[in-house]
There are 2 protein chains.
Amino acid sequence: MANYSATLDHTFQALADPTRRRVLERLVQGPASVSELAEPFDMALPSFLQHLKVLEQSALVRSEKVGRVRTFHVVPSEMKRATHWLSLQLDLWERRLDQLDSYLQQLALQENDHE
Amino acid sequence: MANYSATLDHTFQALADPTRRRVLERLVQGPASVSELAEPFDMALPSFLQHLKVLEQSALVRSEKVGRVRTFHVVPSEMKRATHWLSLQLDLWERRLDQLDSYLQQLALQENDHE
DNA sequence: TATATACTTAGGTATATGGCTAACTATTCT
DNA sequence: AGAATAGTTAGCCATATACCTAAGTATATA
């Protein structure tokens with residue numbers, strides 16, 4: 001495993017679950033094993049592992065197994081892509097507001113001319 | 001309708017679908033009616049309407065109906081919240097790397113002392 | 001070598017999601 | 001009034017998601 005084509009779909013899907021977001025919040029503080037990650041959650045281990053799988057398939061995290069311990073760590077690139085998409089939309093939205101604003105101001109000026 | 005308690009769950013869930021992201025990309029350019037929004041999509045109208053419903057319930061957009069036309073527009077606050085969460089995680093991740101870095105540098109210095 | 005630890009796999013269930021068609025309502029145009 | 005337009009509601013279906021228990025594998029520890 002290592003060849004995932006992660007998409008914004010998968011990224012946002014992975015982020016849509018509170019358990020998975022809490023895991024990420026833990027992992028940005030540093031790597032952790034499956035059982036360390038699972039500990040705060042009142043959930044059967046196989047259910048929890050499902051979440052880790054989703055996170056890894058979305059490429060938000062990666063893991064390696066050494067001995068019997070699997071350690072997870074954050075990979076920032078997909079979070080960056082998601083942030084970028086959102087920032088771009090917010091930016092475009094604000095630009096449009098600015099344009100609208102100056103258009104309305106111009107209109108107001110023309111109105112004054114006619115008085 | 002107007003009393004939704006939107007959460008990051010709902011926001012990311014809404015963003016996880018390509019149709020809904022394309023709708024948002026359209027709406028940051030300015031408001032649009034249901035049929036304008038639906039036009040680029042090869043999808044039955046009721047299916048498409050479902051997506052608009054998800055977007056509105058996640059509070060990423062809002063709509064008003066005038067006559068027989070319902071017009072949608074972007075509401076930026078939830079996008080900002082999502083961006084904020086992501087940026088915070090990325091920021092925490094980088095801080096941790098920096099700390100690790102200076103720790104390792106210190107370790108290297110101490111090693112030199114012992115030579 | 002026996003036991004404990006740390007995951008893993010298999011398989012089952014309930015609900016959610018994303019699509020459809022058909023039929024209906026409310027406005028607007030002729 | 002009758003027809004067209006714009007959106008809505010109801011109901012069906014297939015697949016995905018999120019949880020579970022039970023049982024299995026591989027690696028350490030006593």
Side-chain angles (χ1 to χ4, degrees), chain A residues 1-2 4-27 30-73, chain B residues 1-2 4-27 30-73:
Chain A
M1 310 229 176
Y4 299 123
S5 67
T7 63
L8 278 183
D9 287 40
H10 295 133
T11 304
F12 284 129
Q13 181 62 48
L15 294 171
D17 184 278
T19 299
R20 292 193 291 261
R21 283 201 309 281
R22 278 176 65 196
V23 168
L24 276 176
E25 286 168 353
R26 166 63 189 77
L27 284 179
S33 70
V34 171
S35 26
E36 278 181 283
L37 291 171
E39 194 275 320
F41 297 94
D42 186 19
M43 190 183 292
L45 194 60
S47 314
F48 184 72
L49 236 117
Q50 194 92 337
H51 287 297
L52 293 182
K53 203 172 165 186
V54 170
L55 282 172
E56 190 156 21
Q57 283 176 351
S58 72
L60 287 163
V61 307
R62 200 165 297 163
S63 73
E64 288 88 30
K65 195 167 182 177
V66 175
R68 60 187 169 175
V69 176
R70 179 177 293 281
T71 303
F72 282 82
H73 59 95
Chain B
M1 309 227 177
Y4 300 123
S5 66
T7 63
L8 278 184
D9 286 41
H10 296 132
T11 304
F12 284 129
Q13 181 64 49
L15 293 172
D17 184 279
T19 300
R20 293 193 289 260
R21 283 200 309 281
R22 279 177 64 197
V23 168
L24 276 176
E25 286 167 355
R26 165 65 188 77
L27 284 178
S33 70
V34 170
S35 26
E36 278 180 283
L37 290 172
E39 193 273 321
F41 296 94
D42 185 20
M43 191 184 289
L45 194 60
S47 314
F48 184 73
L49 236 117
Q50 194 87 345
H51 287 297
L52 293 182
K53 202 172 166 187
V54 170
L55 281 172
E56 190 155 23
Q57 282 176 350
S58 72
L60 287 163
V61 307
R62 201 164 296 163
S63 73
E64 288 88 30
K65 195 167 181 176
V66 174
R68 59 186 168 176
V69 176
R70 179 177 292 278
T71 303
F72 282 81
H73 58 94

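Sequence lines set the chain letters: A, B, ... in the order given, protein chains first and strands last, and positions in each chain run from 1.
Contact check, A:Ser33 against C:dC7: a side-chain N or O comes under 4.0 Å of OP1 or OP2. Dashed line: the shortest gap from a side-chain N or O of B:Ser47 to OP1 or OP2 of C:dG18 is not under 4.0 Å. An OP1 or OP2 oxygen of D:dT5 is reached within less than 4.0 angstrom by no side-chain nitrogen or oxygen of B:Ser35. Contact annotation: B:His51 does not reach the phosphate of C:dT17 (side-chain N/O to OP1 or OP2, under 4.0 Å). Look at A:Lys65 and you'll find a side-chain N or O under 4.0 angstrom from OP1 or OP2 of C:dT8. Taking 4.0 angstrom as the limit, B:Arg68 places none of its side-chain polar atoms (N or O) nearer than this to OP1 or OP2 of D:dA4.
For the pair A:Gly67 and A:Asp42, nearest-nucleotide mapping onto DNA chain D gives the more 5' position to A:Asp42. If A:Ala44 and A:Gln13 are placed on DNA chain D by their nearest nucleotide, the residue sitting closer to the 5' end is A:Gln13. When each of B:Leu45 and B:Gln50 is assigned the nucleotide of DNA chain C bearing its nearest heavy atom, the one mapping closer to the 5' terminus is B:Gln50.
The distance between atom CG of B:Asp9 and atom P of D:dT17, rounded to the nearest whole Å, is 15 Å. Rounded to a whole Å, the CD atom of A:Gln57 is 13 Å from the C1' atom of D:dA16. In this structure, CZ of A:Phe48 is placed 16 Å from P of C:dT9, rounded to the nearest angstrom. Put simply, CG on B:Leu52 is 13 Å from P on C:dG18, counting in whole angstrom units. Remark: P of C:dC20 and CZ of B:Phe41 are 13 Å apart, rounded to the nearest angstrom. When rounded to the nearest whole Å, the span between CG of B:Leu49 and P of C:dT17 equals 17 Å.
The heavy-atom pair separating A:Phe12 from B:Leu15 by the smallest distance is CD1-O, 3.3 Å.
In this structure, the separation between OG1 on A:Thr19 and CZ on A:Phe41 is 5.5 Å, given to the nearest 0.5 Å. Distance check: B:Leu55 CG to B:Leu27 CG gives 8.0 Å after rounding to the nearest 0.5 Å. With rounding to the nearest 0.5 angstrom, the NE2 atom of B:His51 is 11.0 Å from the CZ atom of B:Arg22.
Heavy atoms of other residues, nucleotides or ligands lying less than 6.0 angstrom from CZ of B:Arg26 number more than 12.
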